[in-house]
Amino acid sequence: MKSYSAKVGEVTQGWYLVDAQGKVLGRLAAQIAARLRGKHKPEFTPHVDTGDYIVVVNAAKVRVTGRKALGKIYYRHTTYPGGVREINFAKMQATHPTRALEKAVKGMLPKGPLGYAMLRKLKVYAGTAHPHSAQQPKTLEI
């Protein structure tokens with residue numbers, strides 16, 4: 001009996017459309033990360049990008065549970081001394097509505113060149129319009 005290992009040229013990657021309206025941020029991000037990684041496919045191979053393209057619409061309408069809207073803090077550094085900046089989830093959604101979901105998914109993917117390639121297959125849009133209708137994405141209920 002031999003184990004199957006997917007090759008780069010053999011993998012078929014589909015396009016899927018996810019509506020994030022009313023979905024919980026962490027649960028949605030976990031399921032998107034698994035799809036980007038390809039863990040839902042029987043030919044999943046850890047060192048090969050076997051995942052699909054995911055188009056997320058209505059990212060501005062994603063929600064968090066409990067008091068996380070004000071209590072969940074995102075940090076960044078300006079690279080200057082004392083340059084730590086912080087912003088909570090509510091302000092992040094108001095200013096950059098796609099960034100919270102992108103950061104959540106990025107944290108769930110592997111680090112390194114393979115993980116960065118997987119992250120490039122994620123397309124997030126704040127509203128319902130997206131420019132990927134030519135790829136005919138299938139609607140994915142998550």
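- Counting only distance, with no hydrogens or angles, the side chain of T45 and the backbone of E43 share a donor-acceptor pair below 3.5 Å.
- Ion pairing between D52 and K41 holds under the 4.0 Å rule for side-chain N and carboxylate O.
- Shortest non-hydrogen contact noted between A59 and V124 is CB-CG1, 3.5 Å.
- Note that R37 lies outside the cation-pi zone of F44, set by a 6.0 Å cut-off to the ring centre and a 45° limit from the axis.
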- Task: Please lay out, stage by stage, how Y74 and R76 fare under the test side chain to side chain contact (heavy atoms under 4.5 Å, CB included).
- Result: CA-CA 7 Å; Y74 294 95; R76 66 182 179 88; over 6 Å; no
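- Note that OH of Y16 and CD of Q135 are 14.0 Å apart. Values are rounded to the nearest 0.5 Å.
- For R63 (side chain) and G22 (main-chain N/O), a donor-acceptor pair under 3.5 Å exists by modelled atom type.
- K123 contributes atom NZ, which lies 10.5 Å from atom CD of E102 (distance to the nearest 0.5 angstrom).
- Atom CD1 of residue I73 and atom NZ of residue K91 lie 9.0 Å apart, to the nearest 0.5 angstrom.
- Remark: side-chain polar atoms of N58 are not paired, donor with acceptor, to backbone N or O of K61 under 3.5 angstrom.
- For the atom pair CD (Q93) and CD1 (I87), the distance works out to 10.0 Å, reported to the nearest 0.5 Å.
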- Message: Set out, in order, the CA-CA distance, both residues' side-chain angles and the distance that settles side chain to side chain contact (heavy atoms under 4.5 Å, CB included) for F89 and L25, then state yes or no.
- Response: CA-CA 11 Å; F89 176 79; L25 175 67; 4.0 Å; yes
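- Listed here is the closest heavy atom pair of L36 and K121: O-NZ, 3.4 Å.
- Nearest approach of L101 to L28, heavy atoms of both residues: CD1-CD2, 4.1 Å.
- Separating the CE atom in M118 from the CE atom in M108 is a distance of 15.0 Å, to the nearest 0.5 Å.
- A donor-acceptor pair is defined here as one N or O able to donate and one able to accept, closer than 3.5 Å; no such pair exists between the side chain of K72 and the backbone of L70.
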- Query: side chain to side chain contact (heavy atoms under 4.5 Å, CB included) between Y75 and V84: does it pass, once the steps are laid out?
  - Reply: CA-CA 7 Å; Y75 295 96; V84 176; 4.1 Å; yes
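- Residues T128 and V57 share a closest heavy-atom pair of O-CG1, 3.7 Å.
- The backbone N or O of L109 lies less than 3.5 Å from a partner atom in the side chain of K111, making a donor-acceptor pair.
- Closest approach of V64 to A69, counting heavy atoms only: CG2-N, 3.6 Å.
- Between the CD atom of E10 and the OG1 atom of T12 there is a distance of 10.5 Å, given to the nearest 0.5 Å.
- Put simply, the side chain of Q13 gets close to the backbone of D49: a donor and an acceptor are under 3.5 Å apart.
- A chain of hydrophobic side-chain contacts below 4.5 Å, direct or via other Ile, Leu, Val, Met, Phe, Trp or Tyr residues, connects L17 to W15.
- For the residue pair V11 and A6, the shortest heavy atom distance occurs at CG2-CB, 4.2 Å.
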- Let me see the working for R35 and V18 under side chain to side chain contact (heavy atoms under 4.5 Å, CB included), right down to the final yes or no. CA-CA 11 Å; R35 287 270 174 176; V18 175; over 6 Å; no
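- Between H132 and Y125, the ring planes lie tilted relative to each other; the angle falls in the 30° to 60° range.
- Within a 6.0 Å radius of OH in Y80, other residues, nucleotides and ligands contribute 12 heavy atoms or fewer.
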